[in-house]
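Just below is one structure, and these are the notes that go with it.
Every heavy atom of this structure was used, including side-chain atoms; hydrogens, water molecules and symmetry mates were not. The residues of the chain are indexed from 1 along the displayed sequence.
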Amino acid sequence: MDTNWDCLLLDCRLASLNDNGRPYGTIDSAAVAWKDGSLVFAGPQAELPAAAKSLARQVESLGGAWVTPGLIDCHTHLVFAGDRAQEFEQRLNGASYEDIARAGGGIVSTVRQTRAASADELLAVSLPRARALLADGVTTLEIKSGYGLDLTSERKMLEVARRIGSELDVSVHTTFLGAHAVPPEFSGRQSDYVDEVCIHMLPALAGSGLVDAVDAFCEKIGFTPSETRRVLETAQALGLPVKLHADQLSDLHGAALVAEFGGLSADHIEYTSVQGVKAMAQAGTVAVLLPGAFHVLRETRLPPIEQLRAHGVAMAVATDLNPGTSPLLSLRLAMAMACTHFRLTPEEALRGTTLHAARALGLGDRGRLAVGLRADLAVWDIAHPAELCYWLGGAGPRQVYAGGKRLR
């Protein structure tokens, strides 16, 4: 065994999330180590192959702290300009999400502000939001486009997303969401805009290497199932994985539609039927639960949690960070909301922001603490992993590593 390790952390407890027969995949009296950005040891400290000081260049005792995989926020819209605090107030005064959208607010209002911002301005306002998520122990972020809605502006958003990853030394996975809303210049010509997305925008952006996956908003105030199918077919033809904003406000069978394409995830899914759940189970499509939007919109229709459990559908949890319906800057708070609103257990919530969130992004190299996976991990001064969902706010992780590089 090559034991010239970069770092070895001793005297800790691992929430490894491996299937070892214990809750959270717990390993007591543990150690974890890495070299060249990958884990080389994650197990009982007594099983280390030699004296600790001889194994690694850096050795540190954690004094009984817990270590989890780095958290993964697998659904965000964090690159945007402006905010929509006034719409929040309007909703509290009785306006619905659909009322605001049809009056020219909602997504389109953010589009106007995002188009007007330069790339540098967009980066400057987006970085603090990304840093807030990282302060919670996040080491991988998904960032969607969808507030540009023309080729130039969508490209700008995706380029800014890539720059965020470079500036903060974290993994950023980009998702093209051109089919988010119909821009003003295509008002009354929704089908023509779908042509623009499928014939011009998506092929051009896919060719630039800026797109890791493709998403769409399949909803009565978004795009029809047939229009969404065109987007998914185009993505598939370009060799890009797909996901979908599905069944958030009504059941248009979006979850079943994206499962038909072997989709990575179906997101929101408050109105998904048992048939949709079965389709997701068969396809291996992850259910991404977004309690922030549920909370802000004061929704009452719960996702089909018991059906998801019964059919073995993996459940991820994400912030859905966006300016209109989920201005949520904390993945740990999203975990707490998933427990309170959706009745997930704390272990399900942690798996939902690690193992299953990685699956929702098509990433098999992270989400657990196991030899060979990326050295993405967070160190917590807690007595039990349930505290990550129990406390509403408070201190974040003591240390965070992404690819073996210390971020905090």
Side-chain angles (χ1 to χ4, degrees), residues 17 68-78 133 136-146 161 165 170-177 211-218 232 235 240-248 254-270 272 276-277 279-294 303-305 308-309 311-322 326 328 331 334-335 337-338 342 344 347-368 373-374 376:
L17 302 186
T68 70
L71 303 187
I72 299 170
D73 197 345
C74 65
H75 182 130
T76 85
H77 305 252
L78 73 79
L133 294 176
D136 260 358
V138 171
T139 54
T140 300
L141 280 170
E142 187 258 16
I143 301 178
K144 302 179 190 294
S145 68
V170 296
S171 294
V172 169
H173 287 255
T174 54
T175 299
F176 172 68
L177 183 56
V211 178
D212 296 322
V214 175
D215 196 350
F217 184 33
C218 184
L232 301 184
L240 292 169
V242 297
K243 50 183 56 194
L244 192 64
H245 284 63
D247 309 331
Q248 178 186 9
L257 175 60
V258 73
E260 181 183 331
F261 286 83
L264 293 173
S265 68
D267 302 33
H268 287 291
I269 67 164
E270 281 88 339
T272 294
V277 171
M280 293 171 66
Q282 184 172 5
T285 298
V286 176
V288 177
L289 306 178
L290 303 172
F294 181 92
I305 301 298
L308 295 169
R309 286 175 177 144
H311 292 281
V313 176
M315 294 183 288
V317 176
T319 61
D320 192 18
L321 168 57
N322 75 73
S326 188
L328 178 55
L331 186 55
M335 293 164 65
M337 287 179 173
F342 299 160
L344 263 63
E347 182 173 358
E348 286 175 325
L350 181 58
R351 289 182 183 274
T353 52
T354 52
L355 176 62
H356 298 322
R359 286 184 57 187
L361 296 179
L363 301 174
D365 65 346
R366 66 200 73 187
R368 298 180 293 121
L373 300 189
R374 272 178 59 95
D376 290 355

Taking N322 for its side chain and L78 for its backbone only, find out whether a donor-acceptor pair lies under 3.5 Å.
no
Got a donor-acceptor contact below 3.5 angstrom from the T354 side chain to the L71 backbone?
no
Salt bridge (charged side-chain N to carboxylate O under 4.0 Å, His left out) with K243: which residues, sequence neighbours excluded?
none
Knowing that exactly one of V172, T174, I143 qualifies, which makes a side-chain contact (heavy atoms from CB on, under 4.5 Å) with D212?
T174
Point-to-point distance, once rounded to the nearest 0.5 Å, from SG of C74 to CG of D267
6.5 Å
What closest approach, in Å, do A255 and M280 show between heavy atoms, and which atom pair accounts for it?
CB-SD, 3.8 Å
Search all heavy atoms of G262 against all heavy atoms of T285 and return the closest pair with its distance.
C-OG1, 4.4 Å
At their closest point, which heavy atom of A266 faces which heavy atom of V258, and how far apart are they?
CB-CG1, 3.9 Å
Can you name the ring pair (Phe, Tyr, Trp, His ring centres under 6.0 Å) partners of F342, sequence neighbours left out?
F294
Find the distance between CZ (R368) and CG (L373) and round it off to the nearest 0.5 Å.
5.0 Å
List for me each residue that meets salt bridge (charged side-chain N to carboxylate O under 4.0 Å, His left out) alongside D73, sequence neighbours excluded, and say none if there are none.
none
Is any side-chain heavy atom of P291 closer than 4.5 Å to one of V317?
yes
Checking R351 now: which residues fulfil salt bridge (charged side-chain N to carboxylate O under 4.0 Å, His left out) with it, not counting sequence neighbours?
E347
Minimum heavy-atom separation for G70 and T139, please, with both atom names.
CA-OG1, 3.4 Å
Which residues share a salt bridge (charged side-chain N to carboxylate O under 4.0 Å, His left out) with E348, sequence neighbours left out:
R309
Nearest heavy-atom neighbours spanning A314 and V286:
O-CG1, 3.5 Å
Gap between atom CG of L350 and atom NE2 of H356 - 0.5 Å precision:
10.0 Å
Do H75 and D320 have side-chain atoms, one donor and one acceptor, less than 3.5 Å apart?
yes
Which residues satisfy the ring pair (Phe, Tyr, Trp, His ring centres under 6.0 Å) test with F176, sequence neighbours excluded?
none
Could you pull out all residues at least two apart from T76 that satisfy side chain to side chain donor-acceptor pair (under 3.5 Å)?
none
Taking atom CD1 of I269 and atom CG of L244, what is their separation to the nearest 0.5 Å?
11.0 Å
dist K144:NZ -> L177:CG (nearest 0.5 Å) comes out at 6.5 Å
For H268, the side chain to side chain donor-acceptor pair (under 3.5 Å) test, sequence neighbours excluded, returns none
Separation of E142 CD from I72 CD1 (nearest 0.5 Å):
12.0 Å
Of all heavy-atom pairs linking T319 and L133, the shortest is CG2-CD2, 3.9 Å
Apply side chain to side chain donor-acceptor pair (under 3.5 Å) to S326 and list each qualifying residue two or more places apart in sequence or on a separate chain.
none
In a table with atom names and distances, give each donor-acceptor pair under 3.5 Å that connects a side chain of residues 359-366 to protein atoms at least two apart or in another chain.
| from | atom 1 | to | atom 2 | distance (Å) |
| --- | --- | --- | --- | --- |
| R366 | NH1 | T140 | OG1 | 3.0 |
| R366 | NH1 | S171 | OG | 3.1 |

D247 side-chain N/O to G254 backbone N/O, donor-acceptor pair under 3.5 Å
yes
Sequence neighbours excluded - salt bridge (Lys or Arg N to Asp or Glu O under 4.0 Å) pairs with any residue from residues 279-289:
none
Partners passing side chain to side chain donor-acceptor pair (under 3.5 Å) against T353 (at least two apart in sequence or in another chain):
none
